[in-house]
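Given the structure is predicted, the values throughout are model-derived calculations rather than measurements.
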Amino acid sequence: MKHVRLLVLTENLPQASLALAETESFHPDTRAPEEIRLDAMPGRDYREIFNQAQSRLAKITRLIPVDGEPRIDEVRVVEFAELGALNDWLGELWGEVSSYEEDFRRLDDSERLTKEQQASLANFAHLNIDLGLLRGKTRFLNFHVGLVPRENLRQLEDAARLADYLLHVYMHEGENAHVVVVGPTGDQEAQIASVLAAAGFQNLPIPQGLDREPEALYRDLAEQRLSIEEQRQSLQETLERWGQPFHERLLNARKTLMLAEPLVALDPSLHSAGHLAHLVGWVPARAVAALDQRLRESLNLPFDLLVRDPRPDERRLVPTVPVKSRWLTPFAMLVHQYGIPSYGEVDPTPLFAVTFLLMFGMMFGDLGHGGVIALAAWLARDKLPKFYLFGVFAGISSMGFGLLFGSLFGYEEILPALWMSPLHDPILMLKVALGWGIAFIVIACLLGIYNRLAIGDRVGAVFERHGLVNLLFYLAFLWGGYGLATSGGFGALPAALAVGSLLALAAFQWRHLSAPTGEKILVVVIETLDTVIVYLSNTLSFLRVAAFSLNHVALALAVFTLADMMGAFGHLVTILLGNVFILVLEGGIVMIQVMRLQYYEGFSRYFSGDGHQFLPLRLRRGSASS
């Protein structure tokens, strides 16, 4: 990646922005320039007009739809005057269109009110009386309409009777009863209020306008909604006829804004002094020559392009070019869930893809289940265009290990195993998983060391967590452990290497700690002990690869055992449902476990993930023909 600085005359800025956008290789750097005199912002007025025009176009096209984006066949500069004229025309058109929006808003408000009245009316659907009579109390009678829990209904009925009130249940809904409580006005009002509160009574107010029988109101409200829909349809047809002549011009307006967009996107990076404009950014090294050539072809006035390597203090600011391989795209999406590779850091996507598929296949090896996963992913390619290949590859990996294990939908008698059956040779499977884990951890440590050396952190590459000394301890620990398992002795040389590496780590930590002596001793002991525990536990974590391969066979045996207890039809149903259960439940769990091994045992050793993605300036070309 290279840092470039472009100096152009201010009047050439629009053309320069189009040239940069056409190459799709310029990632703007928004830092303020070091030169104090470059304090003006030449693109600010242009951006404000652009944003206003774009907002107006968006509001207009909500009412006058313009499908698709126009295709840009000829790239040209949109001058400030042209952009201003377009903005003025859009403002005038919006002034006319907004009256239709007000009409639609009034219809929406009317429809919302009608819906609210219908919803309120549903609470009184079983009362075939004039609802206006129940809105409040009269001279002699007091009315309460509302809900009461069914469990309190009998209690409320008895209490109401003692207060000389009548209770009528007109509807039951769920755990509540809809009731009307009627009684005389006067001294009993305070008494009935406390009775209703004790019974958990919830008042249902009768809205204004609902003052007739519910059946008649239902008809009127339905007619109102039908009338509103007819008015909306008529207004929509009128708007379409009125807006038809503007379609072509609105499409051209969208094209103009697409051409103006690159200069607006550059605005935070633009600075100027007088007639000189300054912008900086990041360009892939392989694209610098093409960018320089495009600027020479496009700009009719002198310019200056300065190219240099990133400084060490700029490393965190340099963007990372993403993986462009179609096959690796779904795996890159999973890597980005952890973070973006920093500049100079090894992109873990290829290694992630290979190791993920190998572990998933080993843990979920079955020819039939893998085929179902691959087929399901392929059928979902239209809904998941960027991710379906992940499912296809995972299914193919599962199918491959299914052939090696001789497993087809859990049956191990149909296919001969090309390698071994995990259930018949579990010790070998455990050894394979352990060897795989050791290789994975060693590779992760080596990548971590390389990444630190790439940024010039030699001390960190040797002494920091998962550095060279850590790796030396791990290899010595494995060497001694192998000797202990095979010959009964750890060995003097591996013991010396292991102890020496731990002492080196302890000395490094002691030197870089600033604390009282007692606290330093405690921290160093804990950190050193943590190194031993972490490598041992991380290695043993990979035994889950073998455990889940055995678990897959065990689940299938459990399904077959249960199916054998059924009749012919029950046997078939149990086999089908059992395989679905294995696919969904175990497949999901295996996916989670593989991701855990990748993120925790792998990425935590060599991948910082604190970079940011390369997002170059682009010119939208559109798809529809103008």
* Just do the side chain to side chain contact (heavy atoms under 4.5 Å, CB included) check on M591 and I589 with the steps written out, would you? => CA-CA 5 Å; M591 169 79 173; I589 293 174; over 6 Å; no
* Asked: Where do W436 and L358 land on the side chain to side chain contact (heavy atoms under 4.5 Å, CB included) test, with the steps shown first?
  -> CA-CA 10 Å; W436 168 263; L358 286 175; 3.6 Å; yes
* To do: Let me see the working for R452 and E345 under salt bridge (Lys or Arg N to Asp or Glu O under 4.0 Å), right down to the final yes or no.
  => CA-CA 8 Å; R452 287 195 176 101; E345 191 175 35; over 6 Å; no
* **side chain to side chain contact (heavy atoms under 4.5 Å, CB included) evaluation trace for F352 with V335** => CA-CA 8 Å; F352 175 86; V335 170; 3.9 Å; yes
* Please walk me through it: do T355 and F440 pass side chain to side chain contact (heavy atoms under 4.5 Å, CB included)? -> CA-CA 8 Å; T355 55; F440 186 93; 3.9 Å; yes
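Under a 3.5 Å cut-off, the side chain of S398 and the backbone N or O of G395 do not form any donor-acceptor pair. Side-chain N or O atoms of R605 include none that pairs as donor or acceptor with a backbone N or O of G602 at under 3.5 Å. Between the side chain of S298 and the backbone N or O of L295, no donor-acceptor pair lies under 3.5 Å. Judged purely by atom type and a 3.5 angstrom limit, H27 uses its side chain to pair as donor or acceptor with the backbone of L615. Using a distance-only test at 3.5 Å, with no hydrogens or angles considered, a donor-acceptor pair links the side chain of H612 to the main chain of L317. For T574 (side chain) and A563 (main-chain N/O), no donor-acceptor pair under 3.5 Å exists by modelled atom type. For the pair D425 (side chain) and M420 (backbone), a donor-acceptor distance under 3.5 Å is absent. A donor-acceptor contact shorter than 3.5 Å links the side chain of T561 to the backbone of L557. No donor-acceptor pair closer than 3.5 Å links the side chain of S407 to the backbone N or O of L403. Distance alone, capped at 3.5 Å, places no donor-acceptor pair between the R315 side chain and the R311 backbone.
No side-chain heavy atom of T329 sits under 4.5 Å from any side-chain heavy atom of L389. Residues N51 and R47 meet the side-chain proximity criterion, which asks for heavy atoms closer than 4.5 Å. Between V559 and I575 the shortest side-chain heavy-atom distance falls below 4.5 Å. Looking at F409 and L367, their side chains never come closer than 4.5 Å, going by heavy atoms from C-beta outward. In this structure, P284 and M1 have side chains that are in contact, with non-hydrogen atoms separated by less than 4.5 Å. D304 is not listed as a side-chain neighbour of V8, based on a closest heavy-atom distance of 4.5 Å or more. By the 4.5 Å heavy-atom criterion applied to side chains, L306 and V280 are not counted as neighbours. At least one side-chain heavy atom of R286 sits less than 4.5 Å from a side-chain heavy atom of V321.
A ring-centre distance under 6.0 Å is not found for Y474 and F477. Ring centroid separation for the pair F393 and F356 does not come in under the 6.0 Å cut-off. Taking the ring centroids of F364 and F401, they lie at or beyond the 6.0 Å cut-off.
Note: Y388 and W378 have perpendicular aromatic rings, judged against thresholds of 30 and 60 degrees for the angle between ring planes. Taking the six-membered ring for Trp and thresholds of 30 and 60 degrees, F603 and Y338 have ring planes more than 60 degrees apart, a perpendicular arrangement.
Of the N and O atoms on the side chains of S421 and E412, at least one donor lies less than 3.5 Å from an acceptor on the other residue. With hydrogens and angles left out, the side-chain atoms of T30 and S269 include no donor and acceptor closer than 3.5 Å. Counted by atom type alone, H552 and E586 present one or more donor-acceptor pairs between their side chains at under 3.5 Å. No side-chain donor from either of Y482 and S487 sits under 3.5 Å from a side-chain acceptor of the other. At a cut-off of 3.5 Å, with distance as the only test, a side-chain donor of H369 or N579 sits close to an acceptor on the other residue.
The side chain to side chain contact (heavy atoms under 4.5 Å, CB included) with M359 is formed by just one residue from the set V594, V590, V354; it is V594. Considering Y606, Y535, F473 in turn, Y535 is the only one that fulfils the ring-ring contact (aromatic ring centres under 6.0 Å, His included) rule with H466.
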With a cut-off of 3.5 Å and sequence neighbours excluded, list every side-chain donor-acceptor pair involving residues 490-517.
unit_1 : atom_1 : unit_2 : atom_2 : d
S501   : OG     : L497   : O      : 3.0
S501   : OG     : A498   : O      : 2.8
H512   : ND1    : F508   : O      : 2.9

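Among all heavy-atom pairs drawn from S25 and P616, the shortest one is N-CB, 3.9 Å. Residues A19 and R294 approach most closely at O-CG, 3.9 Å, considering heavy atoms. Between S342 and S608, the shortest heavy-atom distance links the atoms OG-OG, 3.2 Å. Closest non-hydrogen pair, S541 versus L597, comes out as O-CD2, 4.0 Å. Nearest heavy-atom pair across G587 and F360 is O-CE1, 4.2 Å. G344 and N451 get closest at one heavy-atom pair: O-OD1, 4.4 Å.
R596 CZ: more than 12 foreign heavy atoms inside a 6.0 Å radius. Around CZ of R316, the count of heavy atoms belonging to other residues, nucleotides or ligands within 6.0 Å does not exceed 12.
In this structure, R618 does not pair ionically with E261, as no charged nitrogen and carboxylate oxygen lie closer than 4.0 Å. Using a 4.0 Å cut-off between a side-chain N of Lys or Arg and a carboxylate O of Asp or Glu, R5 and D29 do not qualify as a salt bridge. For E314 and R308, the salt-bridge test passes: some basic side-chain N is under 4.0 Å from an acidic carboxylate O.
For the atom pair CG (L276) and CG (N12), the distance works out to 11.5 Å, reported to the nearest 0.5 Å.
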